[in-house]
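All remarks here apply to the structure that follows.
Counting begins at 1 with the first residue of the sequence.
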Amino acid sequence: QLSAEDAAAILTSTQKGGNTPLHVCCFLSPPVDVVNNIIQLCPESASMATDHGETALGLACDGFVPACEAVIQALVKAFPSGRNHVNSRNETPLHLHLNMSRSYNVDPSPSVVRIITTVDAVNIQDRRGYRPLCILGKAASEATSFFSSCIRFFSTPTQFSSEVADGPNID
């Protein structure tokens with residue numbers, strides 16, 4: 001019921017830190033229809049950055065629960081160059097998604113990685129000097145070391161195995 005000008009004014013207004021309603025929404029893993037409605041009412045909100053250089057796409061890739069593939073696609077469609085946009089730490093949405101996955105010890109979403117990967121994004125180093133492939137390698141290395149530790153634990157006889165006829169006591 002608002003005029004287009006009033007809707008745009010509201011949707012481009014910022015809170016502390018430069019967050020627009022779309023930024024806040026995207027960090028909280030929104031439904032795709034909400035994101036589509038905001039973009040339809042105010043297309044420029046998709047390209048706006050916070051005080052730390054975060055776009056809605058970056059926040060959607062970095063939230064505690066990353067946004068779904070449809071949300072990522074809608075944001076990329078609205079702001080295609082957002083895939084190569086870097087924040088204040090020189091991280092692209094690809095860096096953010098891979099770092100988030102590594103932090104929470106979950107696999108990155110292959111469909112999201114496919115959508116946000118560009119030749120430029122893969123070759124950008126963040127402030128720590130890491131490219132996305134390095135982050136992915138570190139995550140795989142950590143996962144491997146965890147699993148190899150489990151395999152060694154369960155395949156190596158323990159001190160209790162000679163005491164218990166049924167096998168090792170892992171209690």
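In this structure, N99 contributes its side chain and H95 its backbone to a donor-acceptor pair below 3.5 Å. Put simply, the side chain of H85 gets close to the backbone of G53: a donor and an acceptor are under 3.5 Å apart.
Residues passing the side chain to side chain contact (heavy atoms under 4.5 Å, CB included) test with S111, sequence neighbours excluded: E69, S109, R114. Residues satisfying the side chain to side chain donor-acceptor pair (under 3.5 Å) test with T50, not counting sequence neighbours, are none. Among residues two or more places apart in sequence or in another chain, the side chain to side chain contact (heavy atoms under 4.5 Å, CB included) test is passed with D33 by P31. Legend: residues meeting side chain to side chain contact (heavy atoms under 4.5 Å, CB included) with D51, ordered by chain and number and at least two apart, are absent. S103 pairs by the side chain to side chain donor-acceptor pair (under 3.5 Å) definition with nothing, not counting sequence neighbours. Evaluation of the salt bridge (Lys or Arg N to Asp or Glu O under 4.0 Å) rule for R89 yields E54, E91 as partners, not counting sequence neighbours. In this view, S101 satisfies the side chain to side chain donor-acceptor pair (under 3.5 Å) rule with no residue, not counting sequence neighbours.
Summarising the local packing, CG of L133 is surrounded by 12 or fewer heavy atoms from other residues, nucleotides or ligands at distances under 6.0 Å.
R83 has its side chain out of reach of T92: every pair of non-hydrogen atoms, C-beta onward, lies at least 4.5 Å apart.
Hydrophobic cluster of I124: the remaining members, joined at side-chain heavy-atom separations below 4.5 Å, are V86, listed by chain and number.
Under the 4.5 Å side-chain contact rule for hydrophobic residues, L96 and F27 do not share a cluster.
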